[in-house]
Amino acid sequence: MGLKVYNTITQRKEEFIPLRKGRVGMYVCGVTVYDLCHIGHARSAVVFDVIYRYLKYKGYEVTYVRNFTDVDDKIINRALQEGTSTDEIAEKYIQEFYTDMGALGLQEPTFEPRATEHIPEMIEMIKRLLEKGHAYLVGGDVYYSVESFPEYGKLSKRSLDEMKAGARVEVDERKRNPLDFALWKAAKPEEPSWESPWGRGRPGWHIECSAMSQKYLGETLDIHGGGKDLIFPHHENEIAQSEGATEKPFVRYWLHNGFVNIDREKMSKSLGNILTVKEILKDYHPEVVRLFLISRHYRSPIDFSRQEMEVVRRNLERFYQTLAEINKILDEGVEKIDARGGLSPEEMAIYRRVEEFSHRFEEAMDDDFNTARALAPFFELSRDLNRLLQNPSAHTPFLLRRGRDAFLEAGKILGIFQEDPHVFLEGEKRRRAKDIPLTQKEIENLIKERDKARQQKDWARADEIRERLASHGIVLEDTPKGTTWRVR
RNA sequence: GGCGGCGUAGCCAAGGGGUAAGGCGACGGUCUGCAAAACCGUUAUUCACCGGUUCAAAUCCGGUCGCCGCCUCCA
């Protein structure tokens with residue numbers, strides 16, 4: 001099966017063919033470390049984490065690079081506000097990034113370069129751009145001349161004329177074209193700066209990605225990703241810099257993820273509705289967050305709301321419940337039957353669907369990483385497996401094992417079902433029980449009391465206790481093995 | 001103004017020339033003392049609207065309406 005990806009620059013889905021057979025070089029714009037990560041950062045990170053995992057699953061040897069922008073106006077401002085150094089601000093938020101993204105279960109990229117550690121590479125590239133006439137010096141600043149690159153605008157589909165016409169850019173008389181952007185900024189007092197052939201200064205924002213991607217992945221990348229908002233100007237400028245310097249194609253496939261809205265509004269500082277990863281993780285298990293983020297196609301906008309998160313949470317718990325039941329059966333050491341013969345028609349149908357599961361999953365993922373579509377087989381398979389659990393036969397363990405393996409293998413690519421089901425369910429129970437004004441002990445005593453009532457067929461008393469617990473959101477489940485409780 | 005995208009059941013959401021995945025909810029059923037969970041069944045003759053192309057359109061083309069993003073730092 002062949003992977004197809006939507007390429008922003010051609011605006012269509014294309015067959016994915018890396019430059020070198022069997023190898024993929026992927027660069028994703030990381031974060032500027034001046035504040036905590038929000039759900040939007042999480043989406044980008046999770047989306048490309050899934051893409052990274054899937055490419056490896058497909059057998060590619062993937063070199064994945066995700067950068068940290070650790071020198072920037074925003075960091076400088078933040079440091080000024082807090083009366084500390086830019087290094088401290090950057091270091092602090094890099095650590096926060098690792099804490100948050102680690103919690104979300106992101107796999108580590110191959111390289112995580114920091115801008116400040118690649119100043120010489122950037123200076124080298126700027127030199128080449130000056131030599132080739134793509135850049136010019138004004139005082140201690142170096143600007144990229146967009147007019148020197150005839151293809152400028154090819155990614156974001158705009159022409160220089162159009163942009164000039166609608167320009168809302170501040171006019172800097174020293175620039176040849178208002179859209180020219182800084183490659184190097186002359187040092188100002190109190191700002192971090194480095195020596196360069198043009199005097200002390202610091203790099204512009206866009207040059208770091210061109211320099212670092214080239215260092216770790218070569219002149220042509222297979223995949224370059226980031227949020228949709230980076231298409232212009234950031235990625236457009238990267239193309240101008242990289243192709244201007246190397247005269248080689250910069251990127252084969254441009255991938256851009258959509259935004260996260262909060263209750264149908266754009267997330268923004270002015271609206272004050274920035275939702276940080278930390279805040280979300282207080283209320284939801286990381287896998288709930290992941291499942292939520294992949295429940296829509298990565299290019300579409302996704303709307304965050306508590307209601308939707310609850311739906312996702314219940315879905316995840318349901319899956320884990322099924323897995324827990326399966327483990328219970330298999331751990332009981334039931335006789336292993338691997339023979340296919342003798343399956344009932346019903347079992348045979350389930351067997352076929354288990355076998356088809358991985359194909360359906362892969363087919364969906366091959367279609368531009370369509371995780372939303374790839375989730376459907378999970379729901380269908382879990383229903384099949386639950387049916388097996390209800391009507392066991394000699395073949396059940398064999399089918400359950402096959403089903404669970406398929407489930408977990410695909411889950412691994414999405415980064416879900418990575419916990420022990422029992423541990424997960426107990427953890428969720430505890431998390432949700434925290435807000436209940438009853439102790440575990442009190443709940444269990446009430447259940448014991450209800451059991452006595454039930455034995456005496458005192459249904460009124462039994463139901464009274466159930467009602468009382470229900471008023472706290474506690475749901476009782478009577479099973480042949482006793483009564484269990486969970487939080488709604 | 002320019003560029004891009006979206007409008008699919010009560011809600012969320014795939015699909016994007018061959019006759020509507022999946023989830024939530026609702027309703028009916030199995031199970032249960034009653035429930036819950038799980039399972040079974042029902043829930044879009046139709047994909048914003050109007051034209052056109054085609055044997056065939058939710059899917060392609062043109063137009064209309066509505067919503068959103070980017071064009072300035074932004075995932």
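Just so we're on the same page: letters track the sequence lines, and every chain starts at 1. None of these values were measured; they are calculated from a predicted model.
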| Could you state the NZ-C1' distance from A/Lys328 to B/A38, rounded to the nearest angstrom? | 13 Å
| said: Taking B/G25 as the reference, what is the distance to B/C70 when you measure between their P atoms (whole Å, please)? | reply: 34 Å
| query | In whole angstroms, how far is the C1' atom of B/C73 from the CG atom of A/Asn237? | reply | 13 Å
| query | Can the ring centres of A/Tyr144 and A/His206 be said to be less than 6.0 Å apart? | reply | no
| P atom, B/A20 versus B/A26: distance in rounded Å? | 27 Å
| Rounding to the closest angstrom, what is the interatomic distance between B/A75 and B/C27 at atom C1'? | 42 Å
| query | Which part of the nucleic acid, if any, lies within contact of A/His297, taking any heavy atom under 4.0 Å across all strands shown: a base, the sugar-phosphate backbone alone, or nothing? | reply | sugar-phosphate
| note | Taken to the nearest whole Å, CZ/A/Phe68 to C1'/B/C74 is 17 Å
| query | Should the pair A/Asp478-A/Arg454 be classified as a salt bridge under the 4.0 Å nitrogen-to-oxygen rule? | reply | yes
| task | Would you please test A/Tyr27 and A/Tyr64 for ring pair (Phe, Tyr, Trp, His ring centres under 6.0 Å) and show each step? | result | CA-CA 6 Å; A/Tyr27 187 95; A/Tyr64 174 25; 9.1 Å; no
| If we take the C1' atom in both B/C55 and B/A38, what is their distance in whole Å? | 47 Å
| note | Here the distance between atom C1' of B/C73 and atom NZ of A/Lys185, to the nearest Å, is 10 Å
| message | Within the 4.0 Å heavy-atom criterion, would you say A/Gly40 contacts the bases, only the backbone, or no part of the nucleic acid? | response | base
| message | Partner lookup for B/C70, please. Criteria are Watson-Crick or G-U wobble with both distances under 3.5 angstrom; report none if nothing qualifies. | response | B/G2
| said: With rounding to the closest Å, how many angstrom separate the P atoms on B/U46 and B/U54? | reply: 25 Å
| request: Please work out if A/Gln321 contacts a base, only the sugar-phosphate, or nothing of the nucleic acid, heavy-atom cut-off 4.0 Å. | output: nothing
| message | Looking only at the aromatic ring of each residue, does the gap between the centers of A/Phe407 and A/Phe378 stay below 6.0 angstrom? | response | yes
| said: Taking pairing as Watson-Crick or G-U wobble with both contacts under 3.5 Å, can you name the mate of B/G17, or confirm there isn't one? | reply: none
| query | Touch check for A/Ile39, heavy atoms < 4.0 angstrom, all strands: base, sugar-phosphate only, or nothing? | reply | nothing
Distances under 3.5 Å only, N/O to N/O: pair up the protein atoms with those of nucleotides 68-70 of chain B.
unit_1	atom_1	unit_2	atom_2	d
B/C70	OP1	A/Lys266	NZ	2.2

| field | P atoms of B/C12 and B/C68, separation to the nearest Å | value | 15 Å
| Carboxylate-amine/guanidinium contact A/Asp463 A/Arg450, below 4.0 Å | no
| field | Proximity of A/Phe304 and A/Phe292 rings by center, below 6.0 Å | value | yes
| Rounding to a whole Å, what distance do you find between A/Leu179:CG and B/U72:P? | 7 Å
| Residues which pass side chain to side chain donor-acceptor pair (under 3.5 Å) with A/Asn77, listed by chain and number, not counting sequence neighbours | none
| task | Could you label the plane-to-plane angle of the A/Trp205 and A/His234 rings as parallel, tilted or perpendicular, counting under 30° as parallel and over 60° as perpendicular? | result | parallel
| Which residues share a salt bridge (charged side-chain N to carboxylate O under 4.0 Å, His left out) with A/Arg313, sequence neighbours left out | A/Glu310, A/Glu317
| said: Do the side chains of A/Arg306 and A/Asp283 get close enough for a salt bridge, i.e. N-O under 4.0 angstrom? | reply: yes
| So what's B/A38 paired with, Watson-Crick or G-U wobble, going by both distances under 3.5 Å? | B/U30
| note | Given protein heavy atoms under 4.0 Å, the one-letter contact record of nucleotides 22-33 of chain B, with B base, S sugar-phosphate only and - none, is simply SSSS-------B
| said: Please classify the nucleic acid contact of A/Val312 as base, sugar-phosphate, or nothing, using heavy-atom distances under 4.0 Å. | reply: nothing
| Non-hydrogen side-chain atoms of A/Ile262 and A/Ile39 separated by less than 4.5 Å | yes
| field | d(CG, A/Leu104; C1', B/A75) in whole Å | value | 14 Å
| Pairwise 5' ranking along RNA chain B for A/Glu477 and A/Lys13, keeping only the more 5' one | A/Lys13
| What's the NZ-P distance between A/Lys4 and B/A14, to the nearest Å? | 19 Å
| field | Rounded distance in Å between the C1' positions of B/U64 and B/U45 | value | 26 Å
| message | Tell me every residue that passes salt bridge (charged side-chain N to carboxylate O under 4.0 Å, His left out) with A/Lys74, counting only those two or more places apart in sequence or in another chain. | response | A/Asp72
| request: Please state whether the phosphate of B/C40, meaning OP1 or OP2, lies under 4.0 angstrom from any side-chain nitrogen or oxygen of A/Arg387. | output: yes
| Expressed in angstrom and rounded to an integer, what is the separation of A/Phe181 atom CZ from B/U72 atom P? | 14 Å
| request: Between A/Asn386 and A/His206, name the one whose nearest nucleotide on RNA chain B is closer to the 5' end. | output: A/Asn386
| task | Taking only heavy atoms on the protein side, list every residue of residues 479-488 of chain A lying under 4.0 Å from any atom of RNA chain B, sorted numerically. | result | A/Arg486
| note | pair_partner(B/U59), Watson-Crick or wobble, both distances < 3.5 Å, evaluates to none
| query | Which one is paired to B/G10, where only Watson-Crick or G-U wobble pairs with both distances under 3.5 angstrom count? | reply | B/C24
| field | Ionic contact status for A/Lys278 with A/Glu96, cut-off 4.0 Å | value | yes
| query | Are A/Asp384 and A/Arg387 within salt-bridge range, i.e. N to O under 4.0 Å? | reply | yes
| query | With rounding to whole Å, what would you report as the distance between B/A48 and B/A56 at their C1' atoms? | reply | 23 Å
| Complementary nucleotide of B/A44, counting Watson-Crick and G-U pairs under 3.5 Å | none
